[in-house]
Amino acid sequence: MRVLNMENVDRLLRGGDGARVEADIAPRFKVGDAVQARNFQTLGHTRLPRYARSRRGVIAIAHGVFVFPDTNARNGDRKPQHLYSVAFTMSELWGDGASALDSVHIDLFDDYLEPA
């Protein structure tokens, strides 16, 4: 585990130890694909917000391959996978009373998504 100290703050902030991974991993989804966020319970770290679980969205941006933070935080397993920006309508997340004109984009990993 790397320690954050005064000697390496500047390098890390300037992109030193980024989470992007150069790996030849085929993406499961492409821009425009309809997806659904998985619904799972975990005691550990996850970046899948509860309010988005089981909700349907559309892949807006494919960011590339990154370290999967859930396993990396738990046991150091980098488990590289694709990261996507998923657009959810406000009504999908908050119900029929929400604005029909707005959406929320959430960056989600392959392990959080399934085809809709």
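Since this is a predicted model, take the numbers as computed values, not measurements. Throughout, numbering of the chain's residues begins at 1 and tracks the sequence.
- The side-chain heavy atoms of L93 and V104, taken from C-beta on, include a pair separated by under 4.5 Å.
- Annotation: side-chain contact (heavy atoms from CB on, under 4.5 Å) contacts of S103 (sequence neighbours excluded): H105.
- Residue I25 shares its hydrophobic cluster (ILVMFWY side chains chained together at separations under 4.5 Å) with V21, V65, V67.
- Applying the 4.5 Å side-chain rule to ILVMFWY residues, one finds that L101 remains a lone member of its cluster.
- Cation-pi contact between R53 and F40: present, with separation from the ring centre below 6.0 Å and deviation from the ring axis of at most 45°.
- Looking at heavy atoms from C-beta onward, K79 lies out of side-chain contact with R74 at the 4.5 angstrom threshold.
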message: Run the side chain to side chain contact (heavy atoms under 4.5 Å, CB included) test on V31 and I61 for me, step by step, so that the C-alpha distance in whole Å, both residues' side-chain angles and the decisive distance to 0.1 Å come before the verdict.
response: CA-CA 6 Å; V31 172; I61 300 170; 5.6 Å; no
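- The side-chain heavy atoms of V86 and L113, taken from C-beta on, include a pair separated by under 4.5 Å.
- Rounding to the nearest 0.5 Å gives a distance of 8.5 Å between CZ of R20 and CG of L83.
- Salt bridge D111/R38: absent, no basic N to carboxylate O contact under 4.0 Å.
- The closest side-chain heavy-atom distance from F109 to Y84 is not below 4.5 Å.
- For D70, the side chain to side chain donor-acceptor pair (under 3.5 Å) test picks out T46, Y112, with sequence neighbours left out.
- Remark: N72 engages no residue in a side chain to side chain donor-acceptor pair (under 3.5 Å) (not counting sequence neighbours).
- Scanning for side chain to side chain donor-acceptor pair (under 3.5 Å) contacts around D102 gives S99, with sequence neighbours left out.
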